[in-house]
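Note: hydrogens, waters and symmetry copies are ignored here, and every other heavy atom, side chains too, is used. Here, residue 1 is the first one in the sequence, and each next residue gets the next number.
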Amino acid sequence: MLFVFNAFVTSLFITISCNKSTVPEILTDSSMNVSAKSFLALGDSYTIGQSVTDSERFPAQTAAYLRTNGFNIKTPQYIATTGWTTVQLINAIQTENPQGPFDIVTLLIGVNDQYQNLDTAGYRIRF
């Protein structure tokens, strides 16, 4: 599952050999009595894992990995659907109005913009 590993590293900026001293401070607190951290996963089929089980989705695997390494992470909340472009995701976020703040937010979107021949240079502007 090279894709899952790459998405994990890219989205969270955590290496596979991370420990509590090398992860972003947002995942820990000074007492190490950590309350469960919230996780919002935004995107398209890369986020929801088209044709895989819920536990095989990259955000679910990321949360499981972090839990295995001692972090208290809530089950990810998803706003993602196969085929979405950046504009469709923006509309869904506005419709669903997720209640943050979120401690972890991942974003995997844009491949459908490219597939639909939208200008890839406009990705940042659209999202």
*Asks:* Using the rule that Ile, Leu, Val, Met, Phe, Trp and Tyr join whenever any side-chain heavy atoms are under 4.5 Å apart, tell me whether Leu107 and Tyr78 fall into a single cluster.
*Replies:*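 No, because Leu107 and Tyr78 fall into different hydrophobic clusters, even though each may have its own neighbours under 4.5 Å.
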*Asks:* Show the nearest heavy-atom pair for residues Ile73 and Phe39, with the distance to one decimal.
*Replies:*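 So the minimum-distance heavy-atom pair works out to CG2-CD1, 3.9 Å.
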*Asks:* Where the side chain of Gln99 meets the backbone of Asn97, is there a donor-acceptor pair that is under 3.5 Å apart?
*Replies:*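 Yes, Gln99 side chain to Asn97 backbone: donor-acceptor pair under 3.5 Å.
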*Asks:* Where do Ile109 and Gly43 come nearest, in terms of heavy atoms and distance?
*Replies:*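 Heavy-atom minimum between the residues: CD1-C, 3.8 Å.
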*Asks:* Quick check: closest heavy atoms across Arg57 and Gly49, and the distance to 0.1 Å?
*Replies:*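 Here Arg57 and Gly49 meet closest at CG-N, 4.2 Å.
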*Asks:* Quick one, Leu89 and Ile79 - any side-chain contact, counting heavy atoms below 4.5 Å?
*Replies:*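 In short, these two side chains touch, coming nearer than 4.5 Å.
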*Asks:* If only atom types and distance count, is the side chain of Gln88 paired as donor or acceptor with the main-chain N or O of Thr85 below 3.5 Å?
*Replies:*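 Present.
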*Asks:* Give the minimum heavy-atom separation between Pro76 and Ala60, together with the two atoms involved.
*Replies:*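 In terms of heavy atoms, the two residues are closest at CG-N, 4.2 Å.
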*Asks:* Backbone N or O of Asp103 within a donor-acceptor pair of the Ser38 side chain at under 3.5 Å?
*Replies:*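 At least one qualifying donor-acceptor pair exists.
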*Asks:* Shortest non-hydrogen contact from Thr82 to Ser45?
*Replies:*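 That would be OG1-CB, 3.4 Å.
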*Asks:* Kindly give the heavy-atom pair with the smallest separation between Ala80 and Ile48, and that separation in Å.
*Replies:*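 Taking every non-hydrogen atom into account, CB-CG2, 3.3 Å.
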*Asks:* I want to check something: taking the side chain as every heavy atom from C-beta on, are Ile104 and Leu66 in contact at a cut-off of under 4.5 Å?
*Replies:*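 Answer yes - side chains close enough.
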*Asks:* Measure the CH2-CG distance between Trp84 and Asn91 for me, rounded to the nearest 0.5 Å.
*Replies:*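 Going from the CH2 atom of Trp84 to the CG atom of Asn91 covers 9.0 Å.
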*Asks:* With respect to Leu42, which candidate in Ile93, Leu108, Thr47 satisfies the side chain to side chain contact (heavy atoms under 4.5 Å, CB included) definition?
*Replies:*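 Option passing the side chain to side chain contact (heavy atoms under 4.5 Å, CB included) with Leu42: Ile93.
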*Asks:* Closer than 3.5 angstrom, by distance alone: can the side chain of Gln61 be matched with the main-chain N or O of Glu56 as a donor-acceptor pair?
*Replies:*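 Yes: the side chain of Gln61 pairs with the backbone of Glu56.
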